[in-house]
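Have a look at the structure below, then the notes.
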Amino acid sequence: MPGLGKRTSSHLEKAKTRLSAIRSISSSLDMGKGLSIQAYSALVEKTRQRVDAYNATVAMLDADRVVMQEAEKELQELTEKMLLGVAIEFGKDSPEYKIAGGIRKSERKRPDRKKANQSEPHPALS
């Protein structure tokens, strides 16, 4: 299963470009009502920090996912060995084997097989 992947923000990149362009007009531009270089720059920086924090969290989750998958694999292997151990200790046809989660040998379904010499003759041979 693939990880979440790091994120980039096209809005952030566009805002950085626009901020740079507006700074070339005036480095202290303030049009009132919250439309200032200082407010815009602060929000760009805040957004950049959020993207960075998100990407750090994704990296941590990806690392945790790998550790969890390794633990699950180890558990799966031990689970299989435990059932095999019960089979060796008590036998595959024992009630203990069934209690441990195995299917008793005597309860297994066997596929229906036709014997080669009892099958119907080939129509071309008749």
Side-chain angles (χ1 to χ4, degrees):
M1 172 169 89
L4 296 173
K6 294 196 176 198
R7 185 178 192 318
T8 58
S9 172
S10 58
H11 299 292
L12 179 59
E13 295 307 315
K14 183 178 179 179
K16 285 179 183 179
T17 304
R18 181 149 305 154
L19 177 60
S20 179
I22 293 172
R23 276 190 177 143
S24 70
I25 297 170
S26 171
S27 61
S28 61
L29 184 64
D30 188 347
M31 298 175 280
K33 298 183 182 178
L35 300 174
S36 69
I37 292 287
Q38 185 179 15
Y40 195 38
S41 180
L43 189 54
V44 166
E45 180 59 22
K46 179 181 174 184
T47 304
R48 186 197 61 76
Q49 289 174 355
R50 288 303 316 144
V51 169
D52 289 350
Y54 173 85
N55 287 335
T57 301
V58 166
M60 184 180 67
L61 287 173
D62 282 344
D64 283 349
R65 180 181 48 83
V66 169
V67 170
M68 182 191 69
Q69 287 173 334
E70 289 171 355
E72 284 179 329
K73 184 177 179 183
E74 186 179 352
L75 178 61
Q76 181 182 14
E77 289 172 359
L78 186 56
T79 298
E80 185 178 342
K81 287 178 182 178
M82 291 297 291
L83 182 59
L84 290 173
V86 170
I88 291 170
E89 185 73 23
F90 300 101
K92 285 192 172 183
D93 204 31
S94 68
E96 292 84 0
Y97 185 71
K98 185 173 184 173
I99 290 170
I103 298 172
R104 292 176 66 179
K105 201 171 184 179
S106 62
E107 294 175 357
R108 290 190 183 272
K109 291 184 179 178
R110 290 177 182 81
D112 290 332
R113 295 186 184 175
K114 293 182 180 179
K115 293 185 180 178
N117 44 349
Q118 289 184 352
S119 63
E120 294 181 27
H122 194 276
L125 299 176
S126 300

Margin query: Is it the case that over 12 heavy atoms from other parts of the model lie below 6.0 angstrom from the CG atom of L29?
Written below: yes
**Asked** Can you tell me if S9 and R50 form a side-chain donor-acceptor pair at under 3.5 Å?
**Response** no
- Item | ILVMFWY network linking L19 to M31, side-chain heavy atoms under 4.5 angstrom | yes
- Side chain to side chain, E89 and E96, heavy atoms closer than 4.5 Å: no
- Query: Is atom CE of M68 surrounded by more than 12 heavy atoms (other residues, nucleotides or ligands) closer than 6.0 Å?
  - Reply: yes
Taken in chain and number order and not counting sequence neighbours, the residues that satisfy side-chain contact (heavy atoms from CB on, under 4.5 Å) with M60 are D64
Query raised in the report: Honestly curious: do I25 and I37 fall in one hydrophobic cluster under the side-chain, below-4.5 Å linking rule?
Result: no
Just by distance, do the side chain of T47 and the backbone of L43 share a donor-acceptor pair under 3.5 Å? yes
Check this for me: E74, atom CD, are more than 12 non-hydrogen atoms of other residues, nucleotides or ligands nearer than 6.0 Å?
no
Margin query: Taking K16's backbone N and O only, do any of them form a donor-acceptor pair with S20's side chain (distance below 3.5 Å, no angle check)?
Written below: no
* In terms of hydrophobic clustering (I, L, V, M, F, W, Y; side-chain heavy atoms under 4.5 Å; direct or indirect links), are V58 and V51 co-clustered? -> no
Sorted by chain and number, sequence neighbours left out, side-chain contact (heavy atoms from CB on, under 4.5 Å) with L84 holds for E80
Quick one: are Y97 and L83 in side-chain contact, heavy atoms under 4.5 Å? yes
Would you find more than 12 non-hydrogen atoms of other residues, nucleotides or ligands less than 6.0 Å from R48 atom CZ?
yes
